[in-house]
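To keep things clear, I will list the structure first and then write my remarks on it.
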Amino acid sequence: MDIAVIGSNMVDLISYIDNMPKEGETLEAPDFEIGCGGKGANQAVAAAKMGSDVMMVTKVGDDLFADNTIQNLESYGIDTEYTHKVPGTSSGVAPIFVDPESQNRILIIKGANQYLSPEDVDLAAEKLKQCSLIVLQLEIPLQTIYRAIEFGNEHGIPVILNPAPASKDLDFSYVCKCDFFIPNESELEILTGMPVKTEEQIKAAASTLINKGVKDVIVTMGSRGVMWVTKEDVQMVNSHKVSAIDTTGAGDAFTGCFAHYLAKDGDVSHAIKMATAFAALSVTKRGTQASYPSLDEVEQLVAMRA
Ligand code: RIB
């Protein structure tokens with residue numbers, strides 16, 4: 001097994017809207033799609049699409065969405081031995097609103113995801129020990145995240161933490177035990193309390209995390225590219241110029257693809273380059289997982305820049 005994603009799954013209920021209704025107003029929206037999402041599942045699918053062997057530790061409800069979520073993960077070859085149903089609970093769902101500028105607003109109702117416990121990490125221990133990378137996000141309880149980080153440290157398995165959605169309760173003593181920390185600009189702003197409008201500001205905010213003891217910080221900045229900040233260096237990778245239709249799940253696309261290449265050979269710079277292309281392609285189609293490109297498409301886009 002290459003990668004373990006310990007995290008969330010959701011059913012995405014995506015409304016493509018012209019305008020957000022005001023209070024008390026009813027508006028017609030042009031389109032709607034339903035799809036499989038959740039930051040954890042999206043990252044697992046991205047890594048699997050690039051060719052990694054992925055296992056997912058997650059929880060679904062016992063509703064009509066549950067079997068579809070499990071089947072969807074399995075359709076990408078993801079190991080679901082530790083994807084369990086929670087009786088009497090709904091699956092996680094995410095009403096999403098995408099505007100004509102391709103930007104999204106997301107609500108999450110965690111449902112079964114909130115029952116993924118530290119014990120679930122230990123239940124999967126034997127299989128997790130076979131993985132070369134653990135990938136985490138913040139749509140499950142923080143205590144479970146902390147146990148997963150400890151588990152990675154105990155067994156010498158590198159850990160990637162994508163702090164999405166940002167939580168001010170996140171304990172940075174655990175973040176410092178992760179190998180890669182991948183926020184977007186708005187998560188960086190919430191977590192540091194610092195402005196992130198300009199690249200200089202983003203660099204300053206990321207540097208405060210490095211000074212606190214966080215290892216590699218990789219800030220995803222949408223169409224502005226990616227900033228990789230370490231103790232020694234700051235590197236920028238420009239994004240690809242694409243025509244964006246729906247940016248939902250682009251951050252997950254980046255993290256999942258980055259995880260795949262990191263697990264493959266540990267070349268961080270190459271992993272960022274490939275993940276930047278993967279994320280760029282993901283915004284050219286509608287949906288989250290449904291928008292993720294194939295390995296061929298990613299390699300073609302990267303070759304065009306070389
Ligand atoms: O990052 C995008 C994801 O956030 C969506 O798939 C939605 O389910 C929420 O988890």
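We count residues from 1, following the sequence as given. For ligands, and for the atoms within them, numbers begin at 1 and follow the listed sequence. Only heavy atoms go into these numbers, but all of them, side chains included; no hydrogens, no water, no symmetry mates.
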Just checking, is any N or O donor in the side chain of Asp2 or Ser132 under 3.5 Å from an acceptor N or O on the other one? no
Shortest protein heavy-atom distance from atom 6 (O) of ligand 1, along with the residue and atom involved: Asp12 OD2, 2.7 Å
Numbered atoms and elements of ligand 1 in range of Glu139, under 4.0 angstrom, heavy atoms: 4 (O), 9 (C), 10 (O)
Donor-acceptor side-chain pairing of Ser173 and Asp171 below 3.5 angstrom: yes
Out of Gln137, Lys39, Met10, Lys110, indicate the one that has the non-hydrogen atom closest to atom 4 (O) of ligand 1. Lys39
Do Glu200 and Thr198 have a side chain donor and acceptor closer than 3.5 Å? no
For Ala94, the ligand 1 atoms with a heavy-atom partner under 4.0 Å come out as 7 (C), 8 (O)
With heavy atoms of Gly37 as the reference, note each atom of ligand 1 found under 4.0 Å away. 6 (O), 8 (O)
Does a salt bridge link Glu33 with Arg286, judged by any charged N lying under 4.0 Å from a carboxylate O? yes
Would a single hydrophobic cluster contain both Leu170 and Ile182, if residues Ile, Leu, Val, Met, Phe, Trp and Tyr are joined by side-chain heavy-atom contacts under 4.5 Å? no
Which residue holds the protein heavy atom closest to atom 2 (C) of ligand 1, what is that atom called, and what is the gap in Å? Asp252 OD2, 3.3 Å
With a 4.0 Å cut-off on heavy atoms, is Gly38 touching ligand 1? yes
With a 4.0 Å cut-off on N to O distance, would you call Asp122 and Arg147 a salt bridge? yes
